[in-house]
Amino acid sequence: MSKTIEKKQKFIELRAKGYSYQKISDELNISKPTLLEWSKNDDVSRDIQNQRTLILDDLQEQYAI
């Protein structure tokens, strides 16, 4: 797997967790404009939303009584 694909996957994961673009930029050593460009991609945007949904589902299961 290429470094770019790995970094995009990490970007999706971190955005889904609510990290700011600046924090992701610092962590992945990728410019903020590049991250913003990635986020405009429909597939990436959908993947972020899907990850958020999974995270929320996990939290609901974890704290359901």
Side-chain angles (χ1 to χ4, degrees):
M1 186 180 303
S2 77
K3 286 282 186 194
T4 301
I5 292 172
E6 288 177 15
K7 287 193 175 197
K8 272 189 181 180
Q9 288 177 336
K10 188 67 176 174
F11 164 70
I12 290 166
E13 177 186 327
L14 295 174
R15 279 300 292 160
K17 289 180 178 178
Y19 284 44
S20 69
Y21 286 101
Q22 187 60 57
K23 185 165 179 137
I24 297 169
S25 175
D26 294 342
E27 186 165 324
L28 299 181
N29 197 27
I30 296 174
S31 73
K32 191 173 169 182
T34 296
L35 298 177
L36 290 167
E37 194 61 37
W38 286 358
S39 70
K40 292 178 186 176
N41 179 293
D42 288 340
D43 291 334
V44 171
S45 180
R46 185 174 43 253
D47 287 347
I48 291 168
Q49 187 57 49
N50 288 341
Q51 283 280 348
R52 281 185 182 146
T53 300
L54 290 173
I55 290 168
L56 289 174
D57 286 349
D58 286 345
L59 285 172
Q60 284 179 336
E61 282 183 33
Q62 186 177 359
Y63 293 104
I65 298 176

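From a predicted model like this one, the values you see are computed outputs, not experimental measurements.
The ring pair (Phe, Tyr, Trp, His ring centres under 6.0 Å) contacts involving residues 39-59 comprise nothing, where partners must be two or more places apart or lie in separate chains. For residues 49-59, there are no side-chain hydrogen bond (donor to acceptor under 3.5 Å, both in side chains) pairs, not counting sequence neighbours. Applying the salt bridge (charged side-chain N to carboxylate O under 4.0 Å, His left out) definition to pairs two or more places apart or across chains, none involves residues 20-31. Here side-chain hydrogen bond (donor to acceptor under 3.5 Å, both in side chains) pairs that include residues 1-11, with residues two or more places apart or in two chains, are K10-E13.
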Atom pairs and distances, donor-acceptor, side-chain atoms in residues 30-39, under 3.5 Å, two or more places apart:
residue : atom : partner : partner atom : Å
S31     : OG   : T34     : N            : 3.2
S31     : OG   : T34     : OG1          : 2.8
S39     : OG   : Y21     : OH           : 3.3
S39     : OG   : L36     : O            : 2.7

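A search for side chain to side chain donor-acceptor pair (under 3.5 Å) contacts involving E61 returns nothing, not counting sequence neighbours. Judged as a side chain to side chain contact (heavy atoms under 4.5 Å, CB included), and not counting sequence neighbours, N29 has no contacts. The side chain to side chain contact (heavy atoms under 4.5 Å, CB included) search around N41 returns D43, V44, not counting sequence neighbours.
From S25, atom OG reaches atom OH of Y19 across 14.5 Å, with rounding to the nearest 0.5 Å.
Under the 4.5 Å side-chain heavy-atom criterion for Ile, Leu, Val, Met, Phe, Trp and Tyr, I55 and Y63 are members of the same hydrophobic cluster.
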